[in-house]
Amino acid sequence: MPMDFQILDADYEVINDSSPVIRLFGRGADGKSVCCFVPDFEPYFYLKASGDLNTVARLVEETFTQVKKVEIVEKFEPIGYQKTKTKMLRVTTHLPREVPEIRDEILKLQEVLKAEGKWEVYETDILFRNRFLIDKDLGGMVWVSAEGGSVDPAKYIRTNGSGNSRCEKFTCDTSILASGFNKVENLTLAPLKYLAFDIECLPLDGGMPSPEVSPIIMISFSFEPEYKGHKTLVLLAKPVEGLNSDVWSYTDETEMLNQFFEIFCDYDPDIVIGYNHQDFDIPYITDRVKTLVSEGKAINPVVGRDGSKIGYRKFGLITRTEMKGRVVVDALPLVRRAFSLKQYTLRAVSKELLSREKLDVPPLEMEEYWLDKGEKFKKFVDYSRRDAELALELILNLRLLDKYVALAQVSGSLLQEVVDGGQTSMVETLLLKEFGLRDRVLLPKPDDGVSAERYAMSSDLKGGEVLEPKKGLLENVLILDYKSLYPTIMMAHNLCYTTVVTGDRSDGVTIRPPSGGEFVPSEVYKGIVPSILEDLLNKRTKTKKRMRGASNENEYRVLDATQLALKILLNSFYGYSGYARARLYSLTLANAVTSFGRSNILNTREIINSTIGKIILRNKTALLLDEAGKLSPPDRVVELSVAYGDTDSVFVHCKSSGDLSLEEVSLIGNRLANIVSVSLPDPMELEFESIAKRALLIAKKRYALWFFEPKNSGWEDKIKVKGMETVRRDWCELTSITLNRVLELVLIEGDVDQAVEYVRQIVSKVRNLDPAKDSEIVESLVLTRTLTRKIESYKNKQPHLTVAENLKKRTGVVPSIGTRIPFVITAGKGLFVDRAEDPDYVRENNISIDVDYYIKKQILPPVERILEVFGVKMSSLDFDSKQKGLFDFEAKKPEVKKQEKPSSEKESKVKVQEQNLCEKNGHASQSSLFDF
DNA sequence: TCTACCACCTAC
DNA sequence: TAAGGTAGGTGGTAGA
């Protein structure tokens with residue numbers, strides 16, 4: 001009977017030192033964990049040699065015992081348009097590791113043969129499991145139906161020298177030897193098992209624990225679905241009486257650790273979750289086990305489905321962990337990527353995203369809590385449990401994995417690679433597959449030297465065009481944007497590594513981008529990248545169509561994640577082409593794409609400003625002037641002009657004698673999008689996206705819109721802020737709150753007076769700040785900045801460095817790179833960087849805050865940039881003397897009438913799937929304190 | 001006082 | 001076996 005399962009992980013094992021067997025790990029539709037063994041897949045690579053290939057082939061076979069066979073094949077070379085294929089050798093080895101082993105040796109044969117030209121090897125650095133998945137058209141999270149009988153996994157476990165077989169710890173429910181398999185279309189997710197865990201250590205002095213000396217005293221689990229009736233478990237490294245049924249105690253740390261691994265394997269999770277466990281918990285457990293074993297303790301730290309042990313590897317600054325057959329998912333980087341937050345401590349993240357409080361035990365009092373026999377001990381246990389719960393909830397409640405599962409399915413990369421890595425592995429998987437199908441070989445990854453050269457060249461890559469904004473307040477602004485601009489440019493102009501003219505020339509006309517270079521048209525050779533993009537775009541269109549007919553919420557969510565994944569992949573190819581460490585790097589290609597983009601947006605502006613210029617609004621149609629014929633009285637002329645644009649968007653200001661309704665403006669929007677679109681090559685398309693009833697343009701990449709979007713037969717309105725201080729995390733919350741309110745008053749209410757009054761009150765509140773009473777305001781004065789590198793490597797002083805150094809002095813703990821460090825500016829003399837201080841420290845020590853800094857540097861400048869549009873001037877030097885007013889009112893009344901805000905539809909609560917959802921600024925009124 | 005530079009974060 | 005890209009605003013400091 002065939003076995004259906006979803007691929008979670010893949011690797012290979014060598015049996016009898018002679019042949020590799022692929023192992024596909026997965027979860028079956030029946031809920032069983034599966035290991036599927038696939039024999040008979042062989043490792044290979046390509047060699048481009050000069051001279052007589054038969055001679056070279058024989059020589060390679062004779063010289064290397066690792067070589068199983070050599071065939072002559074015809075392939076295109078990786079880059080450039082070619083009229084004909086080149087003869088190359090396909091070298092098959094016995095074992096996967098032999099491919100890189102003989103790669104360099106084989107090139108030396110060139111000297112032996114005294115052959116001319118340059119020999120090259122291709123596809124020598126493809127992981128064997130990936131080679132298998134790509135060649136067999138499988139991939140991560142894909143469903144497979146495997147034929148075959150069950151088999152003893154022991155046959156496929158390599159025994160090491162000590163004869164210590166891992167098979168007794170092989171945790172898959174089912175093992176099968178595949179005689180055949182098929183990919184299966186299936187939208188559902190297998191019934192996966194999720195486990196989150198968290199450890200507590202006892203450091204010596206409240207500082208960072210070190211695995212050589214600080215024991216692990218507690219480990220908490222959170223399960224989904226539950227384990228033997230338990231949603232959570234807490235393990236204790238000491239005997240304790242009278243515990244709840246979900247707190248299990250052991251004689252000592254060693255026994256607890258052994259039980260940790262025992263329970264772990266018994267539960268057999270597919271997804272192993274933690275919060276920062278890649279960087280902390282897993283390495284810590286690994287090293288702690290090592291320490292204990294070296295002290296003579298017996299611990300068998302198995303976590304892999306094949307019986308492999310816990311471990312980690314460090315690459316530069318990052319740590320990678322692997323658990324065979326499972327996927328290790330650290331919630332921290334996923335939350336970082338999905339949400340723009342000021343801080344990413346588990347405490348801050350849980351509060352912000354789950355509305356749940358983290359419990360806490362002060363590091364210095366841990367020992368006291370641990371030794372306590374009453375409430376404190378109970379609190380400690382609950383604190384530990386809560387951390388495991390929160391990690392699991394972040395992943396499951398926020399559905400953080402959906403996107404990655406879809407990306408794995410659509411790209412063909414394994415889920416672990418997609419979760420850990422960037423876009424590179426996904427793009428390369430797609431490229432390898434398509435290159436293979438089109439008889440083209442792919443280059444190896446560039447070495448450090450080559451990438452360094454490329455980095456140096458990269459300054460030659462020009463990007464998108466940003467149009468100078470018409471600064472100020474505008475009414476009725478249409479927002480149009482190009483649907484997937486760069487991918488559609490690549491498709492429209494057949495821009496690809498495989499179509500760029502580098503040697504061979506085609507007969508007819510070629511495509512010449514504004515940036516230079518030359519590409520053959522698709523009639524001559526259809527580019528591989530454009531083909532991949534076309535496929536992705538078609539799939540996306542189909543997926544969106546299926547979404548509309550989705551029968552339930554779950555199906556809808558899966559489809560939505562899929563279309564989002566397709567969009568991400570579509571947009572990855574351009575970036576990849578200009579990425580110095582890419583296998584395929586082409587500045588010519590990347591520059592071609594952006595240069596077409598730049599000329600396109602400039603063209604669009606020209607068409608709208610000049611070619612169209614004005615449009616006639618008549619009854620239910622928007623007409624071009626020359627179509628209009630005679631104007632009759634209710635007709636209106638609308639003047640169009642592009643007010644702003646960035647890369648793929650244009651903001652069109654619609655000026656008319658009378659009022660324009662949203663419907664009328666959208667009529668114009670659709671008409672414009674249409675006119676421009678028909679002038680473009682397929683599949684480029686300008687889309688009418690939305691309307692800004694009012695738009696406040698401050699500078700390039702900085703603006704605020706009162707934004708209306710068509711939503712199921714009505715309009716949904718909101719304020720959309722881009723680039724301004726409200727959305728920047730290096731400004732304090734008080735700035736966001738103040739600015740948001742000002743924007744609301746100015747954009748929606750059209751009431752500048754009230755905005756000024758509001759700012760005045762905020763300023764006076766800050767000036768008369770009483771830290772004891774107004775702790776909430778103090779809270780809102782906290783700034784944060786990311787520590788982007790090692791402290792020593794900064795050239796200039798920075799406020800967050802000052803704080804990092806203070807922290808190091810006081811606690812010995814150095815914040816790690818990538819951490820956002822909070823700080824406030826304290827009162828005193830001298831440079832402001834030297835007065836940055838840790839907010840907790842300020843609170844505990846009653847240090848006073850530099851209110852003047854906050855007023856002059858945090859509140860007023862951003863507010864000023866907005867209000868000066870309305871002629872409000874601030875005598876920003878005078879407000880120290882309380883006699884004078886804060887503002888010189890030249891009270892030029894804005895040309896904005898007060899307007900009722902139309903009732904908007906109820907917004908769905910949290911749309912967590914959206915990328916970069918930044919909850920923070922969504923509701924400035926969360927703090928009623930600042931509502932006057 | 002002006003300017004060049006570093007640093008950060010954002011838009012697309 | 002680390003890592004998609006460029007454009008751009010703003011603030012702070014050091015040094016002319």
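Order of the sequence lines sets the chain letters (A, B, ...), proteins ahead of strands, with each chain counted from 1.
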Q.
Quick check on B/dC12: is either OP1 or OP2 less than 4.0 Å from any side-chain nitrogen or oxygen of A/K700?
A. no
Which protein N or O atoms sit under 3.5 Å from an N or O of nucleotides 1-6 of chain B?
| from | atom 1 | to | atom 2 | distance (Å) |
| --- | --- | --- | --- | --- |
| B/dC6 | O4' | A/N796 | ND2 | 3.3 |

Q: Examine B/dC8: is either OP1 or OP2 under 4.0 Å from a nitrogen or oxygen in the side chain of A/T786? Give yes or no.
A: no
**Q.** Set of residues satisfying side chain to side chain donor-acceptor pair (under 3.5 Å) with respect to A/N603, sequence neighbours excluded
**A.** none
Q: Sequence neighbours left out, what passes side-chain contact (heavy atoms from CB on, under 4.5 Å) with A/E685? Give chain and number order.
A: A/K483, A/S677, A/E687
Q | Those residues that, when tested against A/K567, pass side chain to side chain donor-acceptor pair (under 3.5 Å) (two or more places apart) | A | none
Q: Search all heavy atoms of A/F128 against all heavy atoms of A/P20 and return the closest pair with its distance.
A: CE2-CB, 3.7 Å
Q) For DNA chain C, what is the dot-bracket line, given that a base pair needs Watson-Crick (N1 to N3, plus N6-O4 or O6-N4) or G-U wobble (N1-O2 and O6-N3) geometry with both distances under 3.5 Å, and | means paired with another strand? A) ....||||||||||||
(Q) Using only modelled atom types and a 3.5 angstrom limit, is any donor from either the side chain of A/R728 or the base of B/dC9 paired with an acceptor on the other? (A) yes
Q: Please report the closest heavy-atom contact between A/R336 and A/Y344, naming both atoms and the distance.
A: CA-CE2, 3.6 Å
Q: Please list, chain by chain and in numerical order, all residues satisfying ring pair (Phe, Tyr, Trp, His ring centres under 6.0 Å) with A/Y644, sequence neighbours excluded.
A: A/F651, A/Y703
Q.
With salt bridge (charged side-chain N to carboxylate O under 4.0 Å, His left out) as the rule and sequence neighbours excluded, what pairs involving residues 416-427 of chain A come up?
A. A/R129-A/E417, A/R320-A/D420
Q: Quickly work out the A/I601 CD1 to B/dA11 P distance and round it to whole Å.
A: 17 Å
Q: Using the heavy-atom set of chain A and a strict 4.0 Å cut-off, write down the first and last nucleotide of DNA chain C that makes it in, 5' to 3'.
A: C/dT1 to C/dA14
Q: On DNA chain C, check which nucleotide each of A/D125 and A/Y574 is closest to and give me the residue with the more 5' one.
A: A/D125
Q: Can you sort out the partners of A/P446 under side-chain contact (heavy atoms from CB on, under 4.5 Å), two or more places apart, ordered by chain and number?
A: A/V450, A/S451, A/R454
Q | Residues forming a side chain to side chain donor-acceptor pair (under 3.5 Å) with A/Y794, sequence neighbours excluded | A | A/T788
Q. What residue pairs, at least two apart or across chains, pass salt bridge (charged side-chain N to carboxylate O under 4.0 Å, His left out) with a residue in residues 821-831 of chain A?
A. none
**Q.** Closest-nucleotide ordering on DNA chain C, the 5'-leading residue of A/Y486 and A/P861
**A.** A/Y486
(Q) Going by salt bridge (charged side-chain N to carboxylate O under 4.0 Å, His left out), name the pairs with one or both residues in residues 789-807 of chain A, residues two or more places apart or in two chains. (A) A/K797-A/D834
Q: Round to a whole Å and report the spacing from CZ of A/F832 to P of B/dA7.
A: 14 Å
Q. If only side-chain N and O atoms of A/H800 are considered, is one of them under 4.0 Å from the OP1 or OP2 phosphate oxygen of B/dC8?
A. yes
